[in-house]
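Counting starts at 1 for both ligands and their atoms, in listed order. The figures here come from the full heavy-atom set of this structure, side chains too, leaving out hydrogens, waters and symmetry mates.
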Amino acid sequence: MKVIIKKDYEELSLEAAIFVKQKILEKPNLVLGLATGSTPLGTYQKLIEMHQKEGLDFSGITTFNLDEYVGLAASHPQSYHYYMWENLFNHINTKKENVFIPKGAVKDLKEYCHFYENQIKKRGGIDLQILGIGRDGHIGFNEPGSAFNSRTRVISLDPVTVQDNSRFFNSISEVPRKALTMGLATIMEAREILFLANGEHKAEIVARALEGSITTKVPASILQKHPCVTVILDQEAAMQITI
Ligand code: PGA
């Protein structure tokens, strides 16, 4: 695991965007796994700037998002579809047919999960997966207790996640209680991982994930077994690690 500590969120975001840019330059048809939440917003903003100012070309890449709320249509402002188009895809030149975000409003969720896994396989697997981490240690929406061999599936959200994500909704009662998520095994199959965390509120869980025992109680701890992980933290999120 390579750990990079940057002064603040701005620098973390720039470092992460440069990392992604490098991968796209090396492999213009990169299969990129994307995350939502507040953590990667700065990275996406920098990537948009790189597209607009330097002409960074996203036309050859394919993207797969980690997760989506069950029951929210793509047009819902809190859906991850909406988030991705607002915060990234509307501003770069990725082809629509190469954008994959789990659909949370389909009838047969189980069948859809198989379909999603198959699409990842058909595209040759994920080259680089961007990850944030929840305060409960989740990656994607793999909440504590998720099996290390889990694949794309429906999951019930942990109360910590519902609470944390309620800041994006009018009230906590509006936060969906279920989500679709790539599984831990799906994530671990990505050839490379870019793990991002910022802020004091992440310091404890980052230390447990990166340096604690590997346990399903902290789903992100499985990343210790991945052969190619780059971690970029700001100083606050790095406060409790010893590496
Ligand atoms: P955050 O969420 O980036 O909004 O902190 C991270 C996550 O829940 O994975």
(request) Decide whether K46 and S13 meet the rule of one side-chain donor and one side-chain acceptor closer than 3.5 Å. (result) no
(request) Answer yes or no for R135: is there a heavy-atom contact with ligand 1 below 4.0 Å? (result) no
(message) Tell me if the CD atom of E111 is crowded by more than 12 foreign heavy atoms within 6.0 Å.
(response) no
(message) Just so I know, are the side chains of K21 and E54 near enough to count as touching, which here means a heavy-atom distance under 4.5 Å?
(response) yes
(message) Suppose I only count heavy atoms of S38 and a 4.0 Å limit; which atoms of ligand 1 are within that range?
(response) 1 (P), 3 (O), 4 (O), 5 (O)
(request) Indicate whether any N or O donor in one side chain lies under 3.5 Å from an N or O acceptor in the other, for E68 and H81. (result) yes
(request) Report, in ascending order of atom number, the atoms of ligand 1 lying under 4.0 Å from any heavy atom of G37. (result) 3 (O), 4 (O)
(request) Could you list which atoms of ligand 1 come closer than 4.0 Å to a heavy atom of G134? (result) 7 (C), 8 (O), 9 (O)
(message) With nothing but distance in play, are any N or O atoms of R167 less than 3.5 Å from an N or O of ligand 1?
(response) yes
(request) Please work out whether any backbone atom (N, CA, C, O) or any side-chain heavy atom from C-beta onward of T161 is under 4.0 Å from ligand 1, and answer side chain, backbone, both or neither. (result) neither
(request) Could you tell me whether T39 and ligand 1 have an N or O pair separated by under 3.5 Å? (result) yes
(request) Go through ligand 1 atom by atom and flag the ones less than 4.0 Å from a non-hydrogen atom of H138. (result) 7 (C), 8 (O), 9 (O)
(message) Quick check with a 6.0 Å cut-off and a 45 degree axis cone: is K110 positioned over the face of Y112's six-membered ring?
(response) no
